Every structure is written in C-alpha cells, then in structure tokens.
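A short worksheet on the structure shown next.
A quick note: this is a predicted structure, and the numbers were derived from the prediction, not measured. In what follows, chains are A, B, ... by sequence order, proteins preceding strands, each numbered from 1.
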Amino acid sequence: MIDAGKRTIMHIDVNSAFLSWTAVYELQRGATVDLRAIPSAVGGNQAERRGVILAASIPAKKYGVKTGEVIWQAKQKCPGLVIVPPNYSLYLKCSNALFELLQEYSPKVQRFSIDECFLDYTGMEIHFGNPVEVAYRIKERIKKELGFTVNIGIGRNKLTAKMASELEKPDKVHTLYPEEIPYKMWSLPVEKLVMVGPKTKKKLNDIGIETIGDLANADLELLKSRLKSYGVLIWQYANGIDNSPVRAGYHLMMKGISNSTTIKFDVEDRETAHKILLSLVESVAQRLRKARSCCRVVSIEIRNSELFSYSHQRRLHVPTNVTNEIYEAAKKLFDECWKGDKIRGLGVRVSELCSDEFIQTTMFDDADIEKKKALDAVIDRVREKYGSYLIFRGVFADREVPPIAGGVDAEIYPVMTSIL
DNA sequence: TCTGGGGTCCTAGGACCC
DNA sequence: TCTGGGGTCCTAGGACCC
C-alpha cells in the first residue's frame, strides 16, 4: 500500500484544445495563417442562431470572448473574429494521440475529458526521473510531435494537479505541493476552485467567503449547515485534500446517453413535439446499440420559451435498446407532463444501462420484438455504411424536422466524466 | 432576437413495505 | 384505532464539469 501523501499526480490540459487542434490541422493542409495567432474561435452552427463559442484563441480572449458565449455577442466584442466550424473526428484523433503518448509514462492514465488527462506518476521516478523534469519533457514532446501546447500541473492528488495546471497558461508546467497551497492557491477567488460554480460562489460570498483561502479556513460546521456534504467536499478541496484514484479505463463505463436540441421555432403542438422526440430517440437508441447496451430508464426534458426546464422519467419493466420502444416511452412521458407551453427545446435521455446480452423477454412482451430488433440492426448497418441520412422514417419526409437530431456520433466522442 | 449539448452526482420528498 | 419509525425504491430538480 502506497502512502496517499506520497502520490505524484499530473494533470495534462490542452491549451484552447478545439482551436489549437483546428489550427494545427489547417497549417498541415497549407494554411498560411495560424488561427492561434489571430482573434479566432471554434463555433457551432451560426445559421441556426444557436451557435456558441466552443473555444477561443488567446488574441480573441483578450477581447473578452468566452467559451459558451453566443456567437453574435462574441462578434460584437470582437468584430474581426474568425469563426471556424468544429471537427469532432479530428479532435478525437488528437485526443487519442495525446492519450497514447502519455501512456508511455505510466500505466495509470485517466481520460478526464476530450482534452484533459490525469497521469499517476507515483513510483515512476525510477524509470523516468524527477516529475517536474519529466513534465517538461512530455510537454515539449507533445509540442514537437503533435503540434499543440499543453499545461501540466503536478500535485499529490488529482485536485491539486488540476488546480496547478490552471495556474498560468499556455505552455506551462506548475506544481502545487501541500506546502505551496497557501501562497499559490489561497489567494485565488473562490469560484476558481473545482466544484464551486455560480450558485455556490454566491452562497459562499453571502457568508463572507471570497477566496479559496477564506474557504480553507472557514468554520466547517457553518459550511455543513449551509451546504451539507457539499460544504465538506469543497472545504477539503480548498485545503488540498482529495484521495480519489486515477481511474485508468474508467471512461469505458457509461452511465447514460442523452440527446437534446434547441428548435429553430417554438413548438406548440403534440405531433411536432413527437416528431422531434423520435429524431432524438433515433440517435440515442443507435448509440445505445453501438455500446451493446440496453437501458432501464427513459427520461425526457422540455424547455419552454421562458427557458424553464422540466423533466419526466420512468423505469421500464424490461430493459431495451429498440428505437420504437424507447420512442413509445418518450412519447408517453411527454404527453403526461407537457403543460401546453411553447417548447423551445426537447431532450431524451436513457440511463441505468446494462449489457444487451442476456435481456429477458417476458411472456407479456411484444411478439414482434425480434422483428423490431432485426429492423434496427439493418438500419444501423446501412447508416454505418452509407451515412446517417440515407434512411429515415416516413414522418420526416416533409423535412420540417431533421430525421436524426443533434448530437455527435457515438464512436466519435469518448465517454467522459466530470467527477474526480 | 436572447444564452449549446453532453455528461455526472446529490438531495428531498413521496410511495410502499414491514 | 390511529399513529409510529426505518428502510428502500423511485422521481424531480439542482448543482457542477467540459
């Protein structure tokens, strides 16, 4: 058993990932301008007026352009902003290349998101040497071999490694060892701490906590009474306490699959809503089958024109991955909870996944279950081979609603988790 | 013309059983 | 007859992350 205090963890974070990866790709294809050097951003579909900034270059950030912001607002701040579309298959390739390179330095590498990894360097010193020197070597190798820059944070646990990698960007290595916490982390505003979002920031500010240091030195009982177990968690984080393991292979376990969309027009009738639900279910069910899984729970979410969201879910008697069954469930859920308000967005989610291998079909089950499964399998194969839009259901023939809504293809996106 | 889309975990409260 | 209390399952909603 290794002493938890003696662990060495690195957090590797790609600087402006989507933008950097696109820039490298464009340069390789002969572009003369490096997108990283000009005000630029990767953005969603502008034509549909729902595009947001997915990543911005450092020059764009200087104009105040932020990730998550709507494109027209970003353009107001920065009129010359160059917007390029996302290329998810490219991002996956870059992410995989990074992951493979990191695995040369430790068998324990956790893919935390498409552009972040944790690497457990504990015990690897005898092979590669001092962690800081190795971090610099890794960083330079990534730059030379893969063409993009990263920040690497080093700490005794995942939390401090992650906080370290965010200290100063880009292309930097930082350490955040226990003795460095007071002067490197405590002066930061409390919302810079992982897991302190806007709501928690406000609650903390209300009781006079402004910095991470204030939180670290706050009365634990007070935090407990205001924030329950969450208060304890963030107090521990503020003090650099975290014992979570680097989970190699953890990303293989998927908890749920969802697909949601913002509709170009407000929907006011059931039939149109049903159609959109079907288009969402098409992609969810397909991804579910690709993962060789079935779901036990189906949920839907309605977002109205006032941007208020509500949801409804139900457990199924028998787990399924059949498009039609999930659609029937989604339709029923919708009819049960829709308040008749104007619908701006809809979402479908399946959860409590299980393997599709030994699904029991009950006596009461649909007699055509095998037929439905065979149909789904054929459709999946054709879509795989010839593209998603070749086959679609008759209801979509009027082209009012796209036959398969939103989302990114299953295989394109590695499954990730936001918990440490 | 105005805030995306994909995930995770936690908690409160109701239903139901013993 | 009316009033527990604990445990578990389920659902809705909220918070966070990238």
Can any side-chain N or O of [X] pair as donor or acceptor with the backbone N or O of [Y] at less than 3.5 Å?
| X | Y | value |
| --- | --- | --- |
| Q313(A) | S299(A) | no |
| S16(A) | A55(A) | no |
| T122(A) | T8(A) | yes |
| S40(A) | L35(A) | yes |

Original post:
When the nearest nucleotide of DNA chain B is assigned to G68(A) and to Y230(A) on a heavy-atom basis, which residue is associated with the more 5' position?
Top reply: G68(A)
**OP:** Nearest-nucleotide wise, let me know which of I257(A) and L307(A) is further upstream toward the 5' end of DNA chain B.
**Re:**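 Final value for this comparison: L307(A).
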Note: [X]-[Y] ion pair, threshold 4.0 Å (strictly below):
| X | Y | value |
| --- | --- | --- |
| R36(A) | D34(A) | yes |
| K202(A) | D206(A) | yes |
| R289(A) | D356(A) | no |

Gap between atoms [atom1] and [atom2], on [X] and [N] respectively (whole Å):
| X | N | atom1 | atom2 | answer |
| --- | --- | --- | --- | --- |
| I302(A) | dA12(C) | CD1 | C1' | 13 Å |
| E352(A) | dC9(C) | CD | P | 10 Å |
| E116(A) | dT8(B) | CD | C1' | 15 Å |
| Q73(A) | dT1(B) | CD | C1' | 11 Å |
| D13(A) | dC17(C) | CG | P | 14 Å |
| R314(A) | dA15(B) | CZ | C1' | 15 Å |
| N304(A) | dC2(B) | CG | C1' | 14 Å |
| I114(A) | dG5(B) | CD1 | P | 17 Å |

Any [X] side-chain N or O less than 4.0 Å from OP1/OP2 of [N]:
| X | N | value |
| --- | --- | --- |
| W72(A) | dT1(B) | no |
| S113(A) | dC17(C) | no |
| R287(A) | dG7(B) | yes |
| N259(A) | dG5(B) | no |
| H312(A) | dT11(C) | no |
| R344(A) | dT3(B) | yes |

Original post:
Looking at DNA chain C, which of residues 196-229 of chain A put a heavy atom within less than 4.0 Å of it?
Top reply: V196(A), G197(A), P198(A), K199(A), T200(A)
Original post:
How many angstroms lie between OH in Y88(A) and OG in S95(A), if you round to the nearest 0.5 Å?
Top reply: 13.5 Å
Look at all strands and tell whether [X] reaches a base, only sugar-phosphate, or nothing, counting heavy atoms closer than 4.0 Å.
| X | answer |
| --- | --- |
| R349(A) | base |
| R303(A) | sugar-phosphate |
| E69(A) | nothing |
| G256(A) | sugar-phosphate |

Original post:
Whom does dC18(C) pair with, Watson-Crick or G-U wobble, provided both distances fall under 3.5 Å?
Top reply: dG5(B)
Between [options], which nucleotide has the shortest distance from any of its atoms to the side chain of [X]?
| X | options | result |
| --- | --- | --- |
| R315(A) | dC17(C), dG13(C), dT11(C) | dT11(C) |
| Q313(A) | dT11(C), dG4(B), dC17(C) | dT11(C) |
| K255(A) | dT8(B), dG5(B), dC17(C) | dT8(B) |

Subject >> Min side-chain heavy-atom separation V246(A)-L119(A) under 4.5 Å >> reply: no
Original post:
When the C1' atoms of dG4(B) and dC17(C) are considered, how many whole Å apart are they?
Top reply: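 Rounded to whole Å, the distance is 15 Å.
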